[in-house]
4 protein chains.
Amino acid sequence: MEKKHEVKTSVKDENLIEKRRHQMIRAAVTLFKEKGFHRATTREIAKEAGFSIGTLYEYIRSKEDVLYLVCDSIYNEVHDKLSQIKLENGTIDDLKNAIRHYYGVIDDMQDEFVVMYQESKSLPKGALDYVLKKELEMMDIFHKILKGCIQTGELELTDAQAKLYAHTLVVQGQMWAFRRWALRKEFTIEQFTELQIEFVLNGMGK
Amino acid sequence: MEKKHEVKTSVKDENLIEKRRHQMIRAAVTLFKEKGFHRATTREIAKEAGFSIGTLYEYIRSKEDVLYLVCDSIYNEVHDKLSQIKLENGTIDDLKNAIRHYYGVIDDMQDEFVVMYQESKSLPKGALDYVLKKELEMMDIFHKILKGCIQTGELELTDAQAKLYAHTLVVQGQMWAFRRWALRKEFTIEQFTELQIEFVLNGMGK
Amino acid sequence: MEKKHEVKTSVKDENLIEKRRHQMIRAAVTLFKEKGFHRATTREIAKEAGFSIGTLYEYIRSKEDVLYLVCDSIYNEVHDKLSQIKLENGTIDDLKNAIRHYYGVIDDMQDEFVVMYQESKSLPKGALDYVLKKELEMMDIFHKILKGCIQTGELELTDAQAKLYAHTLVVQGQMWAFRRWALRKEFTIEQFTELQIEFVLNGMGK
Amino acid sequence: MEKKHEVKTSVKDENLIEKRRHQMIRAAVTLFKEKGFHRATTREIAKEAGFSIGTLYEYIRSKEDVLYLVCDSIYNEVHDKLSQIKLENGTIDDLKNAIRHYYGVIDDMQDEFVVMYQESKSLPKGALDYVLKKELEMMDIFHKILKGCIQTGELELTDAQAKLYAHTLVVQGQMWAFRRWALRKEFTIEQFTELQIEFVLNGMGK
DNA sequence: AATGAATGAGGATTCATTCAT
DNA sequence: GATGAATGAATCCTCATTCAT
């Protein structure tokens, strides 16, 4: 398991670090969403976070660290939320459940998702790898569920298909965040979710 | 129909404009793919294109114009290629055909797609609107095919579904460009295409 | 009264702003005099002022701001100095006094005057208006003195004449700055002053 | 007598040179008045003049040459016009006549005057000297007239006074061009002329 | 003689980062 | 720990000038 990319800080107090980083991430998401990573300045981030540029740099080493913290925090939040899913035992309902949960998370964190996917390419190499790993983890949640369904015979898929469909599920969810400008006019998140569930289950032969 | 966003040039010779812009776009895609729009400098673009910074600015007004030209050219190319599809008369084969064609285009233009979707947010407002319009046009190609199939009774879908699935088809194609890093390990473009076709047709109840 | 054109700064410490701007203005006058506004580069200004280009831009928004600050500071200095004149009660001596004072100021600030009059056309619209207002204020000082003399009967002039002569007094003073290259060979400032006073008083029928 | 500053050209046909330069000067005055020497580009000058940038450079060596040609042409025009004055024999009427003539010229060529005085500092050293010489020549016209009046006893002035007053006459005329923004509201050129003549004659004790 | 495409030095401005207080 | 003034490398863009056609 690759080690987590570390962000150096010169502050000792762990609680303070937690608090400041939280402020920082909130500020950054707001700004990155509005103007993108490159156009948002560190000064603006500090100001929006409620402290000075000097203080910002007490908690990070470089601007890219901010982006990393943003991506990391989003992944963690998503992962936490998805981990709450109670999986039964390889039933289709597990899958439906997971999809509903996942789509709900995406709806809640639309801005964060858009920011993360549009800006993560700006991460330094090491951090990027870490983030791709996280992305795979997310895909893996669905992959596992699908494999569960295969084992119980609820679904008949090759392993390759299971993998592909796991990716597809992840991507179809992200669609809701990325194509808001078009989809919002036609569907509520509930409608979108149910239609996609139907489509996907059909797609997998159910 | 909204007028095309114009890029001013101080050069008069139309052929030359065509030629230089082509060089410019090729260079820009290469660089944007490598380091993104913001990290690529105008000098690098000019150099990669084979002329001087001064010459670059004879053909554009600002760096953002380069990005616009890139996006515009990609859309045009995709649109051209998709327009070559011979549509019969509302058969499922039309749909399969279109998907194969579309996926083929994406495979051919992977870099361009990634660049376009990752950087288009950096376009100035007016150009962004134009590009979103193009995106809708692309979606509309599939929407029309689906409506054709509905009319002939080949598919049974509500209009809302038709629209959503048109988006889904577009997005699932893009997946191939965006998740290369993961999908390439498991599938060839042909495998990917056929699996997705199967999935999608099942999804729509076929 | 029109509000003063404001120059934005990102520095908060008022004393520092005062100090840095003073350095900046001194440097700018030196350079503008030597090579004019357009040929003087911001880097040169910063260097001459004794700080870096980055620091310069902490105290201004654009190069034109420097010019504005120069003009503003000159007007303020002139205005301050002329305000020290003790005006009696509409006597010719008031007028003579004012002229002597004014000519003295011009002699002290020759470079500044030349810079201001040659470069102020490069000010952005808003700042230019503000500066023209200041110019009128200067004219008005003499206009008031003349009106005083008219009321006490010391001078017999129409109001139109008073206004015109006020302009003339201002301009004849500036002459000393602008035609240095010719006048310096023939006169000292004292000679120039006394001759002009004599001429002007005669001109007005005294 | 200093040799006239020469502007190199690669064109042989004298008539053509004359014609093109005339177009060029007209264009330049228009643009310099509007935006100043530095902000007017050579491309704009060429375009306004009705030919291409390449052609412009067939008739000049550098942008500064354009400015020189402008200044030179203005001086020549002024000088020509003032030379038409029929001088009698040292009478005050000669002086009045000259002033009226001069003020008329300034009124006709307001833009040219403003351009010339505001931009001439941008001339290269050699050309600047030539232009200052021209300025002295203009002053000299008045100086001669004054000396004429002194000799006939019409005026009682020291030679120093005669020189100073010659300068003053030149400057007071320019006032009309430079302070248009204020004077125009109060006076017509005729009123201005007559008031200044009265003032000046009084000033010289007449 | 006329044209206009090409050039690249030069200049204004921004902004991540540092460090003394 | 917090602050914010200072720094200067980096970058976009302009425009006078040249030269092949």
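This one's a predicted model, so the numbers in the text were calculated from it and none came from an experiment. Labels below follow one simple rule: chain letters A, B, ... track the order of the sequence lines, proteins then strands, and each chain is numbered from 1.
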Visitor: Between C:G54 and A:F51, which is nearer to the 5' end of DNA chain F once each is assigned its nearest nucleotide?
Guide: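 The answer here is A:F51.
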
Visitor: Figure out the CD1/C1' separation between A:I53 and E:dC19, and round it to whole Å.
Guide: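 Whole-Å distance recorded here is 13 Å.
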
Visitor: Could you tell me whether C:K8 sits above the aromatic face of C:Y59, with NZ or CZ closer than 6.0 angstrom to the six-membered ring centre and within 45 degrees of the axis?
Guide: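 Negative - C:K8 is either too far from the ring of C:Y59 or too far off its axis.
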
Visitor: Is the closest side-chain donor-acceptor distance between C:R20 and C:Q23 under 3.5 Å?
Guide: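 C:Q23 and C:R20 do have a side-chain donor-acceptor pair below 3.5 Å.
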
Visitor: Hey, is the side chain of D:Y57 poking within less than 4.0 Å of OP1 or OP2 on E:dA2, counting only N and O atoms?
Guide: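 Checking D:Y57 against E:dA2: no side-chain N or O falls below 4.0 Å of OP1 or OP2.
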
Visitor: Shortest non-hydrogen contact from B:M24 to B:L56?
Guide: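 Where B:M24 meets B:L56 most closely, the heavy atoms are SD-CD1, 3.4 Å.
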
Visitor: Report yes if at least one side-chain N or O of A:T55 is closer than 4.0 Å to OP1 or OP2 of F:dG1; otherwise report no.
Guide: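 No, because none of the side-chain N or O atoms of A:T55 sits under 4.0 Å from OP1 or OP2 of F:dG1.
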
Visitor: Considering every strand shown, what is the Watson-Crick or G-U wobble mate of E:dA1 when both distances are under 3.5 Å?
Guide: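 Pairing partner, where one exists within any strand: none, as none qualifies.
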
Visitor: Between atom OH in C:Y59 and atom P in E:dT13, what is the gap in whole Å?
Guide: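 One finds 18 Å between P of E:dT13 and OH of C:Y59, rounded.
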
Visitor: If you assign each of D:G50 and C:T41 to its closest nucleotide in DNA chain E, which residue comes earlier from the 5' end?
Guide: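 Its nearest nucleotide being more 5', the pick is D:G50.
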
Visitor: Measure from the side-chain heavy atoms of B:K12 and tell me the nearest of E:dT14, E:dG4, F:dG1.
Guide: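 Nearest nucleotide to the side chain: E:dG4.
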
Visitor: Report the distance from atom CE of C:M24 to atom C1' of F:dA6, rounded to the nearest whole Å.
Guide: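 Checked: the CE to C1' distance equals 15 Å.
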
Visitor: Both distances under 3.5 Å, Watson-Crick or G-U wobble: report the partner of E:dA20, or none.
Guide: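 Paired with E:dA20, as far as the under-3.5 Å criterion goes, is F:dT3.
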
Visitor: Mind telling me whether D:Y130 and D:Y68 have parallel, tilted or perpendicular rings, with 30° and 60° as the class edges?
Guide: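 D:Y68 vs D:Y130 ring planes: tilted.
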
Visitor: At what distance, to the nearest 0.5 angstrom, does CD of B:Q118 lie from OG of A:S120?
Guide: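 With rounding to 0.5 Å, CD (B:Q118) is 6.5 Å from OG (A:S120).
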
Visitor: Among F:dA16, E:dG4, E:dC15, find the nucleotide with the atom closest to the side chain of D:T42.
Guide: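 Minimum distance to the D:T42 side chain belongs to F:dA16.
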
Visitor: Within the 4.0 Å heavy-atom criterion, would you say B:A46 contacts the bases, only the backbone, or no part of the nucleic acid?
Guide: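 Touches nothing.
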
Visitor: Roughly, in whole Å, what's the span from CZ in B:R43 to P in F:dC13?
Guide: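 Roughly 12 Å, once rounded to whole Å.
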
Visitor: Nearest-Å distance, CD1 (A:I60) to P (F:dA2)?
Guide: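 Roughly 14 Å, once rounded to whole Å.
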
Visitor: In whole Å, I'd like the distance from the CG atom of A:L56 to the P atom of E:dC15.
Guide: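 To the nearest whole Å, that distance equals 15 Å.
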
Visitor: By nearest heavy atom, map B:V11 and C:H38 onto DNA chain E; which one lands nearer the 5' end?
Guide: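 Closest to the 5' end, via its nearest nucleotide, is B:V11.
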
Visitor: Rounded to the nearest angstrom, tell me the gap between atom NZ in C:K8 and atom P in E:dT13.
Guide: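 One finds 15 Å between P of E:dT13 and NZ of C:K8, rounded.
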
Visitor: Are C:R61 and E:dA12 close enough that a side-chain N or O sits under 4.0 Å from OP1 or OP2?
Guide: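 No, because none of the side-chain N or O atoms of C:R61 sits under 4.0 Å from OP1 or OP2 of E:dA12.
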
Visitor: Does the side chain of B:R39 get closer than 4.0 angstrom to OP1 or OP2 of F:dA10 through an N or O atom?
Guide: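 No, outside the criterion.
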
Visitor: Ignoring the backbone of B:S62, work out which of F:dC13, E:dT13, F:dT7 is nearest its side chain.
Guide: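 When the side chain of B:S62 is considered, F:dC13 is the closest of F:dC13, E:dT13, F:dT7.
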
Visitor: Show your reasoning for whether side chain to side chain contact (heavy atoms under 4.5 Å, CB included) applies to B:M116 and B:V70.
Guide: CA-CA 8 Å; B:M116 189 172 68; B:V70 166; 5.8 Å; no

Visitor: Hey, which sits more toward the 5' end of DNA chain F by its nearest nucleotide, C:E58 or D:E64?
Guide: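 Whichever sits nearer the 5' end wins; that is C:E58.
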
Visitor: Rounded to whole Å, how long is the line connecting atom CG of D:L67 with atom P of F:dA16?
Guide: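 Distance check: D:L67 CG to F:dA16 P gives 13 Å.
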
Visitor: Please pick, from F:dA10, F:dA2, F:dA6, the nucleotide with the shortest atom-to-atom distance to any side-chain atom of C:R20.
Guide: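 Closest nucleotide to the C:R20 side chain: F:dA6.
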
Visitor: Just compare E:dA16, E:dA2, F:dC13 and give me whichever is closest to any side-chain atom of A:K63.
Guide: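 For the A:K63 side chain, the nearest candidate turns out to be E:dA16.
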
